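Owing to the predicted nature of the structure, the values given are computational and were not obtained by experimental measurement. Whatever order the structure lists them in is the order used to number ligands and atoms, beginning at 1.
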Amino acid sequence: MKAPFSFINVCIFFSKRTLFDDFEKLRTANKADVYRKQRLQELGDLIQRRLEYLQNPTDCETAKKLFCSLTKSCGFACQMHHIVHCMISAYALGRTLVLKSDWSMYGAQSFETVFEPISRTCLVTPFKENITDWPAALEYMSRDNTIYLRSEENYSPQQPAFLPPAVPADMAQELSILHGNPSAWWIGQMFRFIFRLKPNLLEEVISRGEKAGFTNTIVGVHIRRTDKILTEAASHPVEEYMYHVKEYYDQVERTQPGISRRVYLATDEPEVLSEARKKYPTYTFINDFNSTRSATMTERNSRQSLHGVISDVYYLARCDYLVCTFSSNLCRIAYELMQTLHGDASGNFRSLDDNYYFHGHNAHGLTAVEAYRSNREGHIALKPGDVIYVAGNHWNGFSMGTNQRTSQKGLFPSYKVEDTVVAADMPIYPQVPL
Ligand code: GDP
């Protein structure tokens with residue numbers, strides 16, 4: 001007799017949970033996770049020491065510098081990614097990053113109003129020497145003291161190999177063993193250096209978290225609405241986010257029965273909070289009301305709004321799991337910073353739209369590890385070794401992409417391709433102790 005469909009579903013459901021339990025046992029067997037976390041911390045600390053060295057030359061006048069000016073008119077998280085772009089370029093070129101920012105759109109003078117300056121010894125222009133613009137600067141790299149990178153678009157059409165997803169060659173192999181997403185970890189290390197709050201603001205952020213009642217275990221949910229969904233991304237109902245929150249807690253509940261289901265909810269749409277509370281009474285929603293109020297389109301150009309978004313990024317990164325949309329820069333910063341705080345947290349997320357990416361990255365294909373053939377409409381064939389440029393994840397087990405061998409574009413099972421770590425030669429800063 002055929003088993004009823006619902007019975008089969010229940011079996012699949014339980015075997016999935018059992019499988020995840022086994023993964024967790026494997027991950028933590030022989031305390032391998034403890035070693036990996038510790039080693040990632042050591043490598044991260046080394047990068048921080050290198051940045052500290054690079055950013056504080058004894059003589060700024062003669063030091064080689066990379067000058068970046070924040071001229072992009074975009075939101076906080078987009079601007080922060082631009083700074084990371086500059087920081088990676090500076091590290092890879094062995095040049096001290098000098099940053100000029102005008103954050104008057106946020107009621108703040110500059111980046112340094114809220115964050116520690118990225119250098120103590122090399123402050124903003126005026127420089128006596130001439131500044132050479134990228135890409136002409138490529139020719140004069142060894143000659144000119146200061147080169148100017150206006151924005152990542154400056155790099156086109158010839159992007160340098162050191163841009164994401166590349167990671168420094170001296171760590172690439174080890175990172176590929178220690179971490180599930182070395183590129184996000186490396187970008188996270190740049191944020192760790194940049195995202196150092198001024199003491200007053202740090203105090204304020206900690207007090208916001210205490211008032212809101214932030215404690216782990218907690219799932220971070222970022223619901224991006226307002227201007228984003230008018231132009232750049234789709235709106236997703238609260239139910240879609242909460243489906244994945246429930247999945248997370250149902251899994252955790254197997255080893256921690258009775259765990260309280262807590263959600264840190266960050267959003268630019270204040271009504272979302274009352275909707276979530278009404279629809280999910282068995283969950284506790286933690287939210288920084290001041291931050292949400294100042295995140296709306298009408299309130300955005302204020303210092304209060306800047307503090308609010310910083311506070312939300314700070315706490316989302318400290319959550320144990322993230323449910324958000326990777327189309328949002330804010331969600332991606334939280335994910336990147338998360339990698340510096342929890343060891344390998346590469347799998348601790350669920351994006352409702354895009355795959356993880358870094359704006360302005362180099363094109364990068366995934367490699368097929370198993371053959372795939374299908375008669376289903378819209379599906380493409382794979383052979384082991386094929387390189388696939390992925391255009392999107394359907395989050396149902398299938399991805400969309402173009403096979404470089406056949407030029408066919410279509411769907412294929414996501415598990416049949418794997419990512420390879422891209423290593424780029426960058427200075428190893430021998431002056432900095434290991
Ligand atoms: P993106 O547009 O989502 O990629 O991120 P941006 O940071 O570039 O721009 C969004 C802006 O909307 C932020 O800088 C905030 O001002 C505001 N915003 C969006 N979501 C939130 C949120 O969850 N909390 C707070 N405080 N502000 C938000």
Inset, instruction - Examine the side chains of D45 and Q41 and answer whether a donor and an acceptor come within less than 3.5 Å of each other. - result: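 Judged by distance alone, the side chains do pair up.
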Legend entry - Pair D312 + R208: basic N to acidic O under 4.0 Å: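 Salt bridge between D312 and R208, a charged N being under 4.0 Å from a carboxylate O: no.
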Legend entry - Pairing of D170 and R50 as salt bridge, 4.0 angstrom limit: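 Result for this pair is yes, salt bridge flagged.
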Inset, instruction - Identify, chain by chain and in numerical order, each protein residue with a heavy atom under 4.0 Å from an atom of ligand 1. - result: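 Protein residues near ligand 1 are G75, F76, A77, C78, Y106, H222, R224, K228, A266, T267, D268, S291, A295, R300, G308, V309, D312, S328, N329, L330.
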Inset, instruction - Validate the cation-pi geometry between R262 and Y264: distance from NZ or CZ to the six-membered ring centre under 6.0 Å, angle to the ring axis within 45°. - result: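 The answer is no; the distance or angle limit is not met.
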Legend entry - Axial cation check for Y53 ring with R49, 6.0 Å and 45° limits: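 Here R49 fails the 6.0 Å and 45° test against Y53.
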Inset, instruction - Decide yes or no on side chain to side chain contact (heavy atoms under 4.5 Å, CB included) for R225 and S235, but give the supporting numbers first. - result: CA-CA 6 Å; R225 296 268 172 88; S235 172; 3.2 Å; yes
